Number of protein chains: 2
Amino acid sequence: MSAGDATILLVDDHSVVREGYRSVLEKQPGLRVIAEAADGTEAYRLFKSEAPDLVVMDLSMPGIGGIEAVRRIRQWDKGAKILVFTMHQNAGFAVQAIRAGARGYVTKTSPPETLVRAVMDVLAGKIAISPDIDHELAMSRLAGESSAADVLTPREFEVMRLLLAERTTDEIAETLHVSPKTVANLHSLIKDKLGVGSDIELVRLALRQGLLTQVDLGEA
Amino acid sequence: MSAGDATILLVDDHSVVREGYRSVLEKQPGLRVIAEAADGTEAYRLFKSEAPDLVVMDLSMPGIGGIEAVRRIRQWDKGAKILVFTMHQNAGFAVQAIRAGARGYVTKTSPPETLVRAVMDVLAGKIAISPDIDHELAMSRLAGESSAADVLTPREFEVMRLLLAERTTDEIAETLHVSPKTVANLHSLIKDKLGVGSDIELVRLALRQGLLTQVDLGEA
DNA sequence: GCAATGTCGTGAAATTTTCCCGGTGCTCGC
DNA sequence: GCGAGCACCGGGAAAATTTCACGACATTGC
């Protein structure tokens, strides 16, 4: 490996998965993995100290998640090249990641070649999206499913968040310093705007759009 | 590698992850990965043709999931040794996996040594549960959280399934050939038995207990 | 037999959801 | 400045739902 190798920081909370990245990427000449992180905070710290050419980052991680880590790193270095590599084959997550500043989004179901190709593309300054996500994005556009984050006002979004966080209407009213009646009205309005008929559908929509991850659901 | 090596079948829908397994396991003398599968169906087929000493299996996969794959393999070979290796740090999944016939349950957050250790233990005929899951199981016992599958009658469970499947009360009444009123009653009774106050909590409980996986929630 | 339990349904009360309304305050364009 | 539009707050009343109490029936186990 020459001094001109591109340096990479791997971020994933599963050590065995990092091992897989490393194995795939290091077979590729010109790439060198110089550090690994197991969560968002560590990733941010290592990015600052190691200044890698590229970050390959998972999304679902304990503590601050991948999206937030992307945001922080980009805030620190506007030019940071971050490739999100995740299991979520889901347009919602991809949109969030790209908006947060990621330069690529590849799903873990993709063959190794796709990952390598995406790494090269991002290093070359291009945006890399894996074909399955391209398709998901196209579909979600066609289906015209309203994105909760877009159609909802900040207040509505906040109420939805609390609703999904398993709070009762009264608790939410309390924390927001408004009457329970207002919360109930908002609740109803949210479902209307999102086009869902029940709370169950609401949760599922939130899950689909990546507003809620399975791990948020309180493990024990 | 001698002819006496233990043979292993890897099952995971993420190729990069399989690469990681392989890298970790093959560093260990006495182990040999002889096949890989990307979904449950393929796993079953390869188990029959390759007859590996051990299967290392992920749970969340397209098509028939890991739990069902475990069940089928064990049905075909009562002595099959299957180690579940998954991201779900969740007592509910572990209980399901073990009941389906898995001989071990290790989370992907575990360090590589834990995986290797578990592989050895299962090969030696022991049951291997990673420490974090041990703890989860203990906690869920202590919390006395009612397991939906246990406290609900078959009928109630069925209604819950349909409820979570995004069906309206009326649709469910239709498919079950009972009055909508009965479904509403059951719905109420289910929430009562499970000790949840809202549908949102119900969905979250189901998610926690692995009755519903994120992928069930309809990607796009 | 008979007690226990699951299943299905009714009816009526209690609660919640929904819809419509008015009022405030803000920003934007003219 | 000034109206238009929108986010935001909440009241009132109708509509829908949830909940609770109750009865009936079949099945199971002792």
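Since this is a predicted model, take the numbers as computed values, not measurements. A note on names: the letters A, B, ... follow the listed sequences, proteins ahead of strands, and every chain is numbered from 1.
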Measuring to OP1 and OP2 of [N], would you say a side-chain N or O of [X] lies under 4.0 angstrom away?
{"X": "A:S179", "N": "D:dC9", "answer": "no"}
{"X": "A:T182", "N": "D:dG10", "answer": "yes"}
{"X": "B:K181", "N": "C:dG11", "answer": "no"}
{"X": "B:S188", "N": "D:dT18", "answer": "no"}

Between B:H177 and A:A184, which residue's closest nucleotide on DNA chain C lies nearer the 5′ terminus?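 The 5'-side residue here is B:H177.
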Between [Y] and [X], is the closest basic N to carboxylate O distance under 4.0 Å?
{"X": "B:D77", "Y": "B:R72", "value": "no"}
{"X": "B:D13", "Y": "A:K108", "value": "no"}
{"X": "B:E158", "Y": "B:R155", "value": "no"}

Looking at C:dT18, C:dC8, D:dC9, which one has an atom nearest to any side-chain atom of B:R155?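 So the side chain of B:R155 is nearest to C:dC8.
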Minimum-distance nucleotide (side-chain atoms of B:V178 versus D:dC9, C:dT18, C:dG9):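 Given the options D:dC9, C:dT18, C:dG9, the side chain of B:V178 is closest to C:dG9.
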d([atom1], [X]; [atom2], [N]) in whole Å:
{"X": "A:I190", "N": "D:dC9", "atom1": "CD1", "atom2": "P", "result": "12 Å"}
{"X": "B:D199", "N": "D:dT17", "atom1": "CG", "atom2": "P", "result": "12 Å"}
{"X": "B:L186", "N": "C:dG9", "atom1": "CG", "atom2": "C1'", "result": "11 Å"}
{"X": "B:I172", "N": "C:dC8", "atom1": "CD1", "atom2": "C1'", "result": "16 Å"}
{"X": "B:D192", "N": "D:dT18", "atom1": "CG", "atom2": "C1'", "result": "12 Å"}
{"X": "B:L194", "N": "D:dT19", "atom1": "CG", "atom2": "P", "result": "13 Å"}
{"X": "B:L189", "N": "D:dC22", "atom1": "CG", "atom2": "P", "result": "16 Å"}
{"X": "B:E158", "N": "C:dG6", "atom1": "CD", "atom2": "P", "result": "17 Å"}

Would the base of C:dC8 count as contacting B:N185 through its side chain, where contact means a donor and an acceptor less than 3.5 Å apart?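 No pair found.
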For side chain to side chain donor-acceptor pair (under 3.5 Å), just list the numbers for B:S130 and B:D132, CA-CA rounded to whole Å, side-chain angles, deciding distance to a tenth of an Å, and then say yes or no. CA-CA 6 Å; B:S130 63; B:D132 49 352; 2.6 Å; yes
Identify which one of A:M160, A:K191, A:E156 satisfies the side-chain contact (heavy atoms from CB on, under 4.5 Å) criterion when paired with A:L186.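 Result: among A:M160, A:K191, A:E156, A:E156 is the only option passing the side-chain contact (heavy atoms from CB on, under 4.5 Å) with A:L186.
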